[in-house]
Amino acid sequence: MLARGQGSPWYCPSGQPSARSPGSCRGICGTDGRDVTTAFDRVGGDRSVVVARVNGELRDLATEVSDTDVVEPVSVDTPEGLAVLRHSAAHVLAQAVQAAFPDARLGIGPPVKDGFYYDFSVTEPFTPDDLAELEKRMVAILKSRQRFARRVVTEEEAVRELAAEPFKLRLIGSEGGAEVMEVGGSELTIYDNLDARTGERCWGDLCRGPHVPDTSYIPPNAIKLMRTAAAYWLGDQANEQLQRIYGTAWPSKDALREYLTFLEEAEKRDHRKLGAELDLFSFPEEIGSGLAVFHPRGGVVRRVMEDYSRRRHEEAGYQFVNTPHITKAALFEKSGHLDWYAEGMYPPMQLDGEVDADGNVRKQAQDYYLKPMNCPMHNLIFDSRGRSYRELPLRLFEFGTVYRYEKSGVVQGITRARGFTQDDAHIYCTLEQMPGELDALLDFVLGLLRDYGLDDFYLELSTRDPNKSVGSDEVWAQATEILRQAAERQGLELVLDEGGAAFYGPKISVQARDAIGRTWQMSTIQVDFNLPERFSLEYQAPDGSRQRPVMIHRALFGSIERFFAILLEHYAGAFPPWLAPVQVVGIPVTDAHIDYLADVAARLRARGVRVEVDTADDRMQKKIRNAQRAKVPYMLIAGEEDAAAGAVSFRYRDGTQKNGVPIDEAIDEIVAAIDARVQV
RNA sequence: GCCCCUGUAGCUCAGUGGUAGAGCAACCGCCUUGUAAGCGGUAGGUCGUCAGUUCAAACCUGACCGGGGGCUCCA
């Protein structure tokens, strides 16, 4: 620590005299002789402390504090501290960009999940080569230990200083600016990057901070520029498109490496890659973007998923319905979809129109639409005859294939497709029945997801977006409250998603964490008072009066295809036996043992097991390799020894083996694992 | 829809102006083998499509189609 007598308005890190002797601060630390205390004096010193919380607010460590201020250290190991590190890294990136491309104008540069980005206005988009170059420049800046120095400026000063930065100017005093990192609070601040030795100003940026004390707090081997992308200024499509650079920054080289390893693992699990490798599905260009075909092996998985779901739904009192894929426009006018969602629908087909020889319309054409949702059709089923209160709750279920015109830029594998199948149900019940129905529904949904192997959940409650919704405030408030209570009764973590609801009602969604910790939105449960109104749905109450039911929309998988993809990635292609397309492969040691294994396979097949015997003209080792790569749960190997003993030898996916298992025992083991739906 | 990147055999990729290559897979042989690739051979591509530049285009230009990364959107 610098001696007080030298009166630093800044601090100098202690314990590193070789890196920065007190003498090196002379000339930049000021010599006004004031005796001040900084947050660093109170809580700094440990290099992992990057900023301080002063009276509850995050501040630079250089912030002057008084004895009465509450000052707490904020470590880079906390989410806030890490965000500061990344925010500072974004500044370093911007400095590097402006050094390499003097014409680049600054957008905004906040920390984000797993890293940071900075937006720039440049004449030429960045290239991958640019990223390598910029990364080198960043490392040089980091090694030069530039100080981040906060400076309060007046609006006039800021405008003068930032005359060359049109986007920063727009932030000053603008309403939108209050929400970004650059400005905030009651004063405008600029962060200057000062040369460690000379104190010379190397760069600066309008920013509310806080920042790490100096660039040496960011390990040069723990940053990486990841990719470039385009982004609209302030996220608005009406604004200029800027060039964004995404980077990542971590407290240590090891943390960066761990993150990169995670990304590699995620890439290995990518369902698009595994789908092709395991021959599960494909997207023939001839069919069109976002429209998948399922191959036999993918078809098996899908059928098993559906069969189990169907059985569970039957047990839970659902009734199965079927509806067409296409309908006249009037239905979606009635439901409100054409008012709120026409953009997401395939354009209409015009049918049944007639024109006479003179070109006059004799018969007006009808618009037909592919259905983006099943609910209007289910409403028609409800309304097909008079309904009694005795029928409620009425639960209609369908594997309903829907088509949505997803914009070309968002289609992604089978997780975001243009045609997909919802495991969609609509429950019609009375208001009184609703809380109980929701409890049962959440239990049902969570239990079923656990059966498929997901068991780490939290719930999200999405509330009304006033600009995109139908119905009265009271109805929304009531529905939201009922959902909230049901969610809370589950005792799971509950997150609020303000304004995230569908246009017709609030929703609870179940978020599941997969094997490598990623979260996926799974089931959604939506309460709807509006569609029953629009469709004038009624049932007859015990007193003979006609009452309006409420409606619960729920999809458990959301989309079968998407759920398929999630399971595929969750299991990295190694499905548990009950879901595996091929559950057992028989591998003969020589061709002489094919018949023996064929008998074993026949017995397995009789027990409902999906089994193949590899009769190809390959050596046994090659067959093992093939089965291993196909991620088949069980390999049954048989040669002379096994055949003589009436046994088979197991090889499991983890490479372990169990030899000389009597056939009956082997069959029982396999069947038991399948029936128990366990992973092996 | 917008920006950038990208498209060569079923798959993974090489080939940057002079009439297309490898490995794996497939097919045909040989080999008869005890826990992740035995050996040899054959076949397979109008280089995404359509225009343009050029004596000559997988390669340069444009449009379109598909894929990827983002933005936006996601009832």
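A note on names: the letters A, B, ... follow the listed sequences, proteins ahead of strands, and every chain is numbered from 1. Not measured: the values here are computed from a predicted model.
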Summary of protein contacts for nucleotides 66-73 of chain B, nucleotide by nucleotide, where a base hit scores B, a sugar-phosphate-only hit scores S (4.0 Å, heavy atoms)
SSSBBBBB

Sugar-phosphate means primed atoms, P, OP1 and OP2; the rest is base. With that split, encode nucleotides 30-36 of chain B 5' to 3' as B, S or - using protein heavy atoms under 4.0 Å.
BBBBBBB

Decide, yes or no, whether a salt bridge links A:K658 with A:E665 under the criterion of side-chain N to carboxylate O below 4.0 Å.
no

Going by the rule salt bridge (charged side-chain N to carboxylate O under 4.0 Å, His left out), which residues pair with A:E612 if we only count those two or more places apart in sequence or in a different chain?
A:R297

Which class fits the ring pair A:F399 and A:F397: parallel under 30°, tilted 30 to 60°, perpendicular over 60°?
perpendicular

When rounded to the nearest Å, what value does the distance between C1' atoms of B:rG18 and B:rC4 take?
33 Å

Donor-acceptor list for residues 552-561 of chain A side chains, cut-off 3.5 Å, not counting sequence neighbours:
from: A:H553; atom 1: ND1; to: A:H426; atom 2: NE2; distance (Å): 3.2
from: A:H553; atom 1: NE2; to: A:D528; atom 2: OD2; distance (Å): 2.8
from: A:R554; atom 1: NH1; to: A:H313; atom 2: NE2; distance (Å): 2.8
from: A:R554; atom 1: NH2; to: A:H313; atom 2: NE2; distance (Å): 3.2
from: A:R554; atom 1: NH2; to: A:D423; atom 2: O; distance (Å): 3.0
from: A:S559; atom 1: OG; to: A:E561; atom 2: N; distance (Å): 3.3
from: A:S559; atom 1: OG; to: A:E561; atom 2: OE1; distance (Å): 3.4
from: A:S559; atom 1: OG; to: A:R562; atom 2: N; distance (Å): 2.9
from: A:E561; atom 1: OE1; to: A:T421; atom 2: N; distance (Å): 2.8
from: A:E561; atom 1: OE2; to: A:R302; atom 2: NH1; distance (Å): 3.1
from: A:E561; atom 1: OE2; to: A:R302; atom 2: NH2; distance (Å): 3.4
from: A:E561; atom 1: OE2; to: A:T421; atom 2: N; distance (Å): 3.3
from: A:E561; atom 1: OE2; to: A:T421; atom 2: OG1; distance (Å): 3.3

A:L242 has an atom CG; how far is it from atom P of B:rC4, in whole Å?
13 Å

Which whole number of Å gives the distance between the C1' atom of B:rU46 and that of B:rG40?
32 Å

Are any of the side-chain heavy atoms of A:V475 and A:F529 separated by less than 4.5 Å?
yes

Which word best sums up how the rings of A:Y259 and A:W250 line up, parallel for under 30°, tilted for 30 to 60°, or perpendicular for over 60°?
tilted

Mind checking the C1' distance from B:rC59 to B:rG15? Whole angstroms is fine.
9 Å

Looking across every strand, which nucleic acid part, if any, lies under 4.0 Å from A:E277 by heavy atom: base, sugar-phosphate, or nothing?
nothing

Distances under 3.5 Å only, N/O to N/O: pair up the protein atoms with those of nucleotides 40-45 of chain B.
none

Between C1' on B:rC3 and CZ on A:F120, what's the gap in Å once rounded to a whole number?
16 Å

Counting C-beta onward and ignoring hydrogens, is there a side-chain heavy-atom pair between A:F457 and A:L449 closer than 4.5 Å?
yes

I'd like to know if A:R548 pairs up with A:E533 as an ion pair, taking the criterion as any Lys NZ or Arg NE/NH1/NH2 lying under 4.0 Å from an Asp or Glu carboxylate oxygen.
yes

Assign A:H337 to base, sugar-phosphate, or nothing according to its heavy-atom contacts below 4.0 angstrom with the strands shown.
base

I'd like to check the side chain to side chain contact (heavy atoms under 4.5 Å, CB included) partners of A:E135; sequence neighbours left out, ordered by chain and number.
A:K224, A:L225

Looking just at side-chain N and O atoms, do A:T323 and A:H378 make a donor-acceptor pair shorter than 3.5 Å?
no

Between B:rU19 and B:rA57, how many Å separate the two P atoms, rounded to a whole number?
11 Å

Across every strand shown, the nucleotide meeting Watson-Crick or G-U wobble geometry with B:rU32 (both distances under 3.5 Å) is none

Charged tip of A:R244 within 45° of A:Y117 ring normal and under 6.0 Å
yes

Let me know the distance between NZ of A:K507 and P of B:rC74, rounded to the nearest Å.
10 Å

Mind checking who B:rC64 pairs with, Watson-Crick or G-U wobble, both distances under 3.5 Å?
B:rG48

On a whole-Å scale, what distance lies between the C1' atoms belonging to B:rU72 and B:rC27?
50 Å

Checking N1-N3 plus N6-O4 or O6-N4 for Watson-Crick, or N1-O2 and O6-N3 for wobble, each under 3.5 Å, the partner of B:rC73 is none

Nucleotide forming a Watson-Crick or wobble pair with B:rU53, both distances under 3.5 Å:
none

Should the pair A:W233 and A:F167 be assigned to parallel (<30°), tilted (30 to 60°) or perpendicular (>60°) ring geometry?
tilted

Nucleotide forming a Watson-Crick or wobble pair with B:rU42, both distances under 3.5 Å:
B:rA26

What distance, rounded to whole Å, do you find between the two C1' atoms, one in B:rC47 and one in B:rC13?
13 Å

Take atom C1' in B:rG1 and the same atom in B:rU12, then report the distance between them in whole Å.
33 Å

B:rU33 to B:rG68 separation - C1' atoms, rounded to the nearest Å:
44 Å

Decide yes or no for A:L134 and A:F101: does some side-chain heavy atom of the first lie under 4.5 Å from some side-chain heavy atom of the second?
yes

